[in-house]
Amino acid sequence: MDIDTIGDWERTNDCGSLRRDDIGREVVLMGWVNRRRDLGKLIFVDLRDRFGLTQIVFDEEFDEVSHERAGILRNEWVIAVKGEVAPRLLGQENPEMPTGDIEVKAKELKILNETEIPPFQVDGKIDASENVRLRYRYLELRRPALFHNLFMRHRIALVIRSFLNSEGFLEVETPFLTKSTPEGARDYLVPSRINKGSFYALPQSPQLFKQLLMVAGFNRYFQIVKCFRDEDLRVDRQPEFTQVDLELSFVNEDGVMDVVEGMMVDVFSKILDHPVSRPFPRIEYEKAMDLYGSDRPDARFGMELTDVSDQLRSSTFRAFTEVIEKGGVVKAINVKKGASFSRKELDELSSMVTDSGAKGLLWAKLRPDGWQSPLAKSVAPNSRGAVEERLGAKEGDLIIFVSAMDHIANEALGLLRIEISKRLDLIKDGDYSFVWVTRFPLLDYDENEKRYAAVHHPFTAPLEEDIPLLGERPEAVRARSYDLVLNGEEIGGGSVRIHTIDLQNQIFRILGLGKEEVREKFGFFLEALRYGAPPHGGIALGFDRLVAIMVGAKSLRDVIAFPKTQRASCAVTDAPSPVDRDQLSELGLSLIYP
RNA sequence: GGGGACGUAGUUCAGUUCUGGUUAGAACGCCGGCCUGUCACGCCGGAGGUCGCGGGUUCGAGUCCCGUCGUCCCCGCCA
């Protein structure tokens, strides 16, 4: 096969731009053969680039040489075509294509490259399995769907950069080769050749560096930056991921939330033409757990959790009365029009509940003739009425009860609420609901390690009014923290930071970090706090997740050009892979496992 | 670390269990031929298989058993 050179040809247009107005022009197009339809004396080729498709006609009567050569074209070959824009024959227009009114009558054809038989059809309607598509990612990326996601990602990043710039933020790069810290996720380590036996860690976030930039007086910092966490993967978790990281000086919670809300309004209006109203609703963590059974509530549908202990206190149902006596609760959700759930479906829901530690669920279908329910006999009619009234339940609804200690009941009903919303298809596409969840607990007690751990991170400021509790009841202290939740997914989290050395030292002590360890791991940071650190706060947004929600992608992999597989490997390069002995010895390393 | 699903032609799948048995099928793609208005072109013909890999049971294994590798989903984990 002879491959032509591009020579002095220059593209005049991309494959998505020609219209009726261009008829009569001589154009040069270059791209991939998306499909060919060889009718003998007439050959049609859909030429593709990332901008679109244009139909090329090779007509023996129009140009014999190019028609002859076009006979050998195959899908995914790279070609250049010089020709004339012509109207399609009357009635032969293709309304499905933006370029469907015209075609390019080829005068000259250059074949710029041929191809192996592709492992899957780029234009295929039948989809290849994900491992094949990941291995040949560059072919998958030729497909419009995935390209669109990455194009959107680019545009979203652009809007964010421009917005933050206009708000006085400076983008500053921070080191990737940095220091391992004891708190948080497992670090990715990088051995040092010059300092054998020592390791850098890839950052889990630029947290301390951005705080140092506040000490440095940068006032407003941001960065769209890769972060690394060596934990197991999920559909919404990659080991390297991108954050929109911000930090502001001389602000409280409102200052940070204000900027983020402005940013989201700007992004959603410019990218999706979707109005988002401000301010975003705020809900305290405690309340979120109580109403939604989740710290990332999806407020796109109702079905809030309701405490009906008072209404059922007098029932003769032992599972209720015993739990209430022991200080537990009976909580319920009202599933509108849920009375049609089958026994089998209710059993499935019940088995979900046991996973969160509850004994099971109870239900009542509101029939015209009253409750159809295992509880019917144990709950007096006036109690039933009180429950219905409290839940706003009507005929045809389904009430689901869980009785347990409140955190278990909350979690169980929270999971049910989400599952039921999926089954009943309660969530409209294109619906976006932002919520701030605030005042998370500062600390929680790690039973395994027998010590307190920071819920957010150890630099989060406690709520002023709760500081006195730090000594006695650390677990009761609330943090000046806030998560941004979009459609029931956490897309960001941040806090007002501790900016005084004494408080920071006190927190480290409560976390059980020894003086020596603190000095070794965080000494540089504590030192910086001594040199006039301003009050500051910030947030980090999960950029991949944001993009995924905005483009409607099911998996983070669909918004990352070269994602990792669930085993944290790269299907294209096959990384990670063994290295030469020489490389290891240069680093002063030897392997325990071969 | 644990649980689950999947792995058969280049690709997507059927066949696989209950019930092992002659030559492992289909569609798309690929190759050859025909075709002047197609756009998932059409028609005729053809090639293409380490049934993920290794071991075992058996007269005989795509099918049963054990192990292993890979992909995906979930729990743990993810400040």
Side-chain angles (χ1 to χ4, degrees), chain A residues 34-48 53-62 67 71-72 74-76 86-97 99-100 103 105 115-136 139 181-187 203-205 207-208 227-239 241 352 355-356 415 440-444 446 448-449 452-460 479 481 490 493-495 507 511 513 540 542 554-555 557 563-569 571 574:
Chain A
N34 192 57
R35 225 167 237 289
R36 90 201 141 91
R37 294 175 292 279
D38 187 344
L39 277 61
K41 293 200 173 66
L42 210 52
I43 299 171
F44 296 94
V45 164
D46 292 334
L47 192 63
R48 184 194 68 235
L53 289 171
T54 299
Q55 175 165 285
I56 314 292
V57 197
F58 296 93
D59 185 339
E60 198 178 51
E61 286 175 11
F62 192 72
H67 173 269
I72 62 170
R74 292 296 181 266
N75 289 348
E76 300 310 316
R88 295 210 187 169
L89 297 187
L90 206 62
Q92 295 291 339
E93 301 88 351
N94 185 342
E96 305 287 310
M97 297 169 75
T99 61
E103 61 196 8
K105 296 180 79 125
T115 178
E116 297 277 309
I117 296 163
F120 56 87
Q121 291 160 254
V122 172
D123 188 42
K125 298 291 181 270
I126 296 172
D127 220 355
S129 67
E130 191 158 16
N131 53 354
V132 176
R133 288 183 290 131
L134 281 173
R135 167 131 188 260
Y136 299 93
L139 297 181
T181 52
E183 295 280 309
R186 196 176 292 112
D187 286 320
Q204 297 176 27
S205 90
Q207 185 60 33
L208 292 174
C227 300
F228 307 86
R229 291 177 190 176
D230 187 4
E231 297 292 347
D232 287 350
L233 283 73
R234 289 288 186 279
V235 69
D236 61 348
R237 255 159 48 187
Q238 283 273 314
F241 60 99
M352 280 184 60
D355 292 342
S356 36
L415 291 173
F440 279 72
L442 185 71
L443 304 160
D444 64 10
D446 186 328
N448 294 329
E449 301 198 20
Y452 286 98
V455 168
H456 185 49
H457 57 51
F459 317 105
T460 300
S481 63
E490 181 199 329
S495 61
I507 297 294
L511 291 173
L513 297 175
K554 284 192 185 68
S555 165
R557 290 187 294 275
K564 296 285 187 285
T565 71
Q566 191 159 40
R567 292 283 311 267
S569 67
D574 209 26

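Model, not experiment: these values are computed from the prediction. Sequence lines set the chain letters: A, B, ... in the order given, protein chains first and strands last, and positions in each chain run from 1.
- Rounding to whole angstrom units, CD of residue A/Glu103 and P of B/C39 are separated by 14 Å.
- Using a 4.5 Å heavy-atom threshold, the side chains of A/Leu233 and A/Gln238 count as touching.
- B/U12 atom P lies 17 Å from atom CG of A/Asp123, rounded to whole Å.
- A/Thr181 comes within 4.0 angstrom of nothing in the nucleic acid, heavy atoms only.
- In the interface, the side chain of A/Gln92 is not paired with the base of B/U38 through any donor and acceptor atom under 3.5 Å apart.
- Judged by ring centres under 5.5 Å apart and planes tilted less than 30 degrees, A/Phe44 stacks against the six-membered base ring of B/U38.
- In this structure, CG of A/Leu42 is placed 5 Å from C1' of B/U36, rounded to the nearest angstrom.
- When the ring pair (Phe, Tyr, Trp, His ring centres under 6.0 Å) test is applied to A/Phe228, the partners found at least two apart in sequence or on another chain are A/Phe176.
- Proximity note for A/Arg37 (side chain, C-beta onward) versus B/C39, B/G70, B/C73: the nearest is B/C39.
- For A/Arg88 and B/C39, a side-chain-to-base donor-acceptor distance below 3.5 Å is present, hydrogens and geometry of angles not being considered.
- Remark: C1' of B/C39 and CZ of A/Phe58 are 15 Å apart, rounded to the nearest angstrom.
- The interatomic distance linking A/Ile72 (CD1) with B/G33 (P) rounds to 12 Å, in whole Å.
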Check the interface with nucleotides 74-78 of chain B: list each N/O to N/O pair with the protein under 3.5 Å, or write none.
unit_1, atom_1, unit_2, atom_2, d
B/C75, OP2, A/Arg234, NE, 3.0
B/G76, N7, A/Arg234, NH2, 2.8
B/G76, O6, A/Asp232, OD2, 3.4
B/G76, O6, A/Arg234, NH1, 3.1
B/G76, O6, A/Arg234, NH2, 3.2
B/G76, N1, A/Asp232, OD2, 2.5
B/G76, N2, A/Asp232, OD2, 3.3
B/C77, O2', A/Glu231, OE1, 2.4
B/C77, O2', A/Glu231, OE2, 3.4
B/C77, O2, A/Arg237, NH2, 3.0
B/C77, N3, A/Arg237, NH1, 3.2
B/C77, N3, A/Arg237, NH2, 2.7
B/C77, N4, A/Arg237, NH1, 3.2
B/C78, O2, A/Arg237, NE, 3.3
B/C78, O2, A/Arg237, NH1, 2.9
B/C78, N3, A/Arg237, NH1, 3.0

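- The residues A/Arg74 and A/Glu116 are annotated as not salt-bridged, no charged nitrogen and carboxylate oxygen being separated by less than 4.0 angstrom.
- Atom-to-atom, CE of A/Met97 to P of B/U38 comes out at 15 Å; the value is rounded to the nearest Å.
- Not counting sequence neighbours, the partners of A/Met352 by the side-chain contact (heavy atoms from CB on, under 4.5 Å) test are A/Leu349, A/Leu415, A/Glu419.
- The salt bridge (Lys or Arg N to Asp or Glu O under 4.0 Å) check on A/Arg37 picks up A/Asp46, with sequence neighbours excluded.
- Look at CD on A/Gln55: it is 7 Å from C1' on B/U38, rounded to the nearest Å.
- For the salt bridge (Lys or Arg N to Asp or Glu O under 4.0 Å) test, no residue two or more places apart in sequence or in another chain qualifies with A/Lys105.
- Remark: A/Pro441 pairs with A/Tyr285, A/Val455 by the side-chain contact (heavy atoms from CB on, under 4.5 Å) rule, at least two apart or across chains.
- In this structure, A/Asp46 places its CG atom 17 Å from P of B/G37, rounding to the nearest Å.
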Filtered N/O pairs between nucleotides 3-9 of chain B and protein, under 3.5 Å:
none

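- With sequence neighbours excluded, the residues that form a ring pair (Phe, Tyr, Trp, His ring centres under 6.0 Å) with A/Tyr452 are A/Tyr445.
- Checked against ring pair (Phe, Tyr, Trp, His ring centres under 6.0 Å), A/His457 has the following partners two or more places apart in sequence or in another chain: A/Phe459.
- Checked against side-chain contact (heavy atoms from CB on, under 4.5 Å), A/Arg229 has the following partners two or more places apart in sequence or in another chain: A/Ala185, A/Gln204, A/Ser205, A/Phe241, A/Gln243.
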Output one line per pair: protein atom, nucleotide atom from nucleotides 29-31 of chain B, and distance, for all N/O pairs under 3.5 Å.
unit_1, atom_1, unit_2, atom_2, d
B/G29, O4', A/Gln121, OE1, 3.3
B/C31, OP1, A/Arg74, NE, 3.0
B/C31, OP2, A/Arg74, NE, 3.0

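- Residues passing the salt bridge (Lys or Arg N to Asp or Glu O under 4.0 Å) test with A/Glu490, sequence neighbours excluded: none.
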